[in-house]
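Heavy-atom basis, side chains included; hydrogens, waters and symmetry copies ignored. Small disclaimer: the values here were computed from a predicted structure and weren't measured.
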Amino acid sequence: ASWFVLPFLIYPRSAATFNSVPMALVCSLFLSDVFIPSLLSIRNKEQKLTATWDQESLKMTRILVGVLLIYSLFSSMYFVNYLPQKYALSVDQRQAMAWIEEKTSQSSRFMILTGEESGFQNPVQEWFPVIAQRESITTVQGREWLSGLDFETYRQADASLQAECLSAGTLNCLEAFQTSIGLDYDYVYLQIDPQAPGRSTALVNTLSASYRRVYNNPEVEIFQRVR
């Protein structure tokens with residue numbers, strides 16, 4: 001039981017991921033020590049099994065194996081087709097980050113707007129500091145280890161920023177976020193959703209009027225603050 005409890009106490013953010021290992025071991029032990037021996041014990045009973053029972057057992061076994069195979073197939077298709085689209089960076093995003101590393105000052109700070117409220121499921125926020133080699137004031141991952149800022153306050157402020165800013169089309173949300181966390185920024189990195197590009201049109205127009213556009217491609221707009 002401690003295997004399942006300790007991850008939630010030590011590292012609650014990724015406890016479900018770590019618990020997949022002991023869960024797999026428990027399932028394996030159940031199959032090897034409980035399920036299969038139970039099936040064998042039925043056959044080893046002194047009472048002879050009838051041919052009808054044998055046929056029913058074989059039928060149920062085939063159904064069970066078929067269900068497991070179908071489940072495995074659809075699970076594999078999900079991981080192969082869906083997850084890379086949601087959690088992997090596109091070519092346009094990687095190109096934008098490469099441009100940032102090459103063309104901006106190493107001391108530059110970025111405010112990243114993607115519209116994804118969950119900071120733990122945001123590949124742009126997560127990969128930006130690594131690929132662009134610049135500080136992101138909106139990246140949640142790892143922020144809990146930095147001193148001087150309450151992590152829960154930061155996480156909620158970032159979620160509000162991502163939820164409201166793209167559709168609001170004003171700079172109020174940027175200013176509110178900066179005030180709440182006390183960190184300044186030099187650039188705004190705006191992710192454009194290719195499936196719904198109109199969602200960020202109002203904010204793009206507002207930023208174009210107040211900031212200087214320094215980079216754009218089909219999925220990314222980058223604006224520099226004019227001081």
Side-chain angles (χ1 to χ4, degrees), residues 12-13 87 89-90 92-194 196-227:
R13 194 178 81 179
Y87 297 114
L89 294 178
S90 67
D92 286 335
Q93 291 162 355
R94 295 196 299 270
Q95 288 178 346
M97 294 179 192
W99 180 89
I100 290 170
E101 182 183 15
E102 181 181 353
K103 300 295 184 179
T104 65
S105 169
Q106 292 185 358
S107 61
S108 299
R109 285 179 169 177
F110 284 76
M111 178 181 289
I112 301 176
L113 301 175
T114 65
E116 174 59 63
E117 297 180 39
S118 175
F120 301 119
Q121 299 178 357
N122 196 323
V124 174
Q125 299 273 27
E126 184 171 3
W127 284 105
F128 181 89
V130 178
I131 299 177
Q133 290 295 300
R134 298 294 182 270
E135 180 181 355
S136 163
I137 67 170
T138 51
T139 295
V140 174
Q141 290 91 343
R143 186 69 59 172
E144 65 269 38
W145 306 113
L146 302 179
S147 60
L149 183 65
D150 179 70
F151 177 72
E152 187 58 26
T153 300
Y154 176 88
R155 188 193 65 79
Q156 292 179 0
D158 183 70
S160 298
L161 173 72
Q162 303 300 334
E164 300 170 4
C165 218
L166 266 67
S167 57
T170 68
L171 301 181
N172 294 338
C173 50
L174 279 69
E175 296 169 356
F177 178 77
Q178 182 183 4
T179 301
S180 65
I181 67 170
L183 294 176
D184 198 6
Y185 66 97
D186 305 292
Y187 294 87
V188 174
Y189 179 109
L190 177 60
Q191 178 183 347
I192 308 298
D193 185 354
R199 181 187 178 193
S200 53
T201 299
L203 183 58
V204 169
N205 293 336
T206 301
L207 289 169
S208 299
S210 304
Y211 289 45
R212 185 167 67 95
R213 179 191 273 117
V214 294
Y215 181 89
N216 72 294
N217 66 34
E219 291 189 28
V220 179
E221 295 269 3
I222 299 176
F223 296 89
Q224 184 179 16
R225 295 182 74 183
V226 179
R227 301 177 184 274

**Q** Take Gln93 and Val220 through the test side chain to side chain contact (heavy atoms under 4.5 Å, CB included) and record every step on the way to the result.
**A** CA-CA 7 Å; Gln93 291 162 355; Val220 179; 4.2 Å; yes
**Q** Hey, are the side chains of Ile181 and Thr153 touching, using non-hydrogen atoms and a 4.5 Å cut-off?
**A** no
**Q** Work out which heavy atom in Ser208 is nearest to a heavy atom in Arg213; give both atom names and the distance.
**A** OG-NH2, 3.4 Å
**Q** Angle between ring planes, Phe128 versus Tyr189, binned at 30° and 60°: parallel, tilted or perpendicular?
**A** perpendicular
**Q** Which pair of non-hydrogen atoms, one from Tyr187 and one from Tyr185, has the smallest distance, and what is that distance?
**A** O-CD1, 3.6 Å
**Q** Quick one: CZ on Arg143 to CD1 on Ile137, what's the gap to the nearest 0.5 Å?
**A** 8.0 Å
**Q** Side-chain contact, heavy-atom cut-off 4.5 Å: Gln162 with Thr114?
**A** yes
**Q** Examine distances only and state if a side-chain atom of Asn217 and a backbone atom of Asp92 form a donor-acceptor pair shorter than 3.5 Å.
**A** yes
**Q** Less than 4.5 Å apart, side chain to side chain, heavy atoms only: is that true for Asn122 and Thr139?
**A** no
**Q** Look at the side chain of Arg94 and the backbone N and O of Leu89, then say whether any donor-acceptor pair between them is shorter than 3.5 Å.
**A** yes
**Q** Calculate, to the nearest 0.5 Å, the distance between atoms CD1 and OG belonging to Ile100 and Ser105 respectively.
**A** 12.5 Å
**Q** Identify the heavy atoms of Val204 and Phe223 that sit nearest to each other, and give their distance.
**A** O-CZ, 4.0 Å
**Q** Of the non-hydrogen atoms in Glu219 and Ser90, which two are nearest, and what is the gap between them?
**A** OE1-OG, 2.8 Å
**Q** Flag the pair Met111 / Leu161 as yes when at least one side-chain heavy-atom distance between them is below 4.5 Å, and no otherwise.
**A** yes
**Q** Could you measure the distance from the OG atom of Ser160 to the CZ atom of Arg155? Nearest 0.5 Å is fine.
**A** 9.0 Å
**Q** Indicate yes or no: at least one non-hydrogen side-chain atom of Asp158 is less than 4.5 angstrom from one of Gln125.
**A** yes
**Q** Do we get Arg134 above Phe110's six-membered ring, with its NZ or CZ under 6.0 Å from the centre and within 45° of the axis?
**A** no
**Q** Taking atom CD of Glu152 as the centre, does the number of heavy atoms from other residues, nucleotides or ligands within less than 6.0 Å exceed 12?
**A** yes
**Q** Quick one: are Tyr211 and Leu174 in side-chain contact, heavy atoms under 4.5 Å?
**A** yes
**Q** Flag the pair Val188 / Glu221 as yes when at least one side-chain heavy-atom distance between them is below 4.5 Å, and no otherwise.
**A** no
**Q** Rounded to the nearest 0.5 Å, what separates atom CD in Glu116 from atom CG in Leu166?
**A** 11.5 Å
**Q** Supply the atom-to-atom distance Gln178 CD to Leu171 CG, rounded to the nearest 0.5 angstrom.
**A** 11.0 Å
**Q** Give a yes or no answer on whether the side chain of Ser200 reaches the backbone of Leu203 with a donor-acceptor pair at less than 3.5 Å.
**A** no
**Q** Indicate yes or no for a side-chain donor-acceptor contact from Ser136 to the backbone of Thr138 under 3.5 Å, with no hydrogens or angles considered.
**A** yes
**Q** Going through the distances and angles, do Phe177 and Leu183 end up as a side chain to side chain contact (heavy atoms under 4.5 Å, CB included)?
**A** CA-CA 9 Å; Phe177 178 77; Leu183 294 176; over 6 Å; no
**Q** Taking only Lys NZ, Arg NE, NH1 and NH2, and the carboxylate oxygens of Asp or Glu, determine whether Arg225 and Asp184 approach each other closer than 4.0 Å.
**A** yes
**Q** So, for Ser107 and Asp186, which heavy atoms are closest and what is the spacing to 0.1 Å?
**A** O-OD2, 4.0 Å
**Q** Search all heavy atoms of Val214 against all heavy atoms of Trp99 and return the closest pair with its distance.
**A** O-CZ2, 3.6 Å
**Q** Does the side chain of Gln106 reach to within under 4.5 Å of the side chain of Gln133, using non-hydrogen atoms?
**A** no
**Q** To the nearest 0.5 angstrom, please state how far the CD atom of Gln224 sits from the OH atom of Tyr215.
**A** 15.5 Å
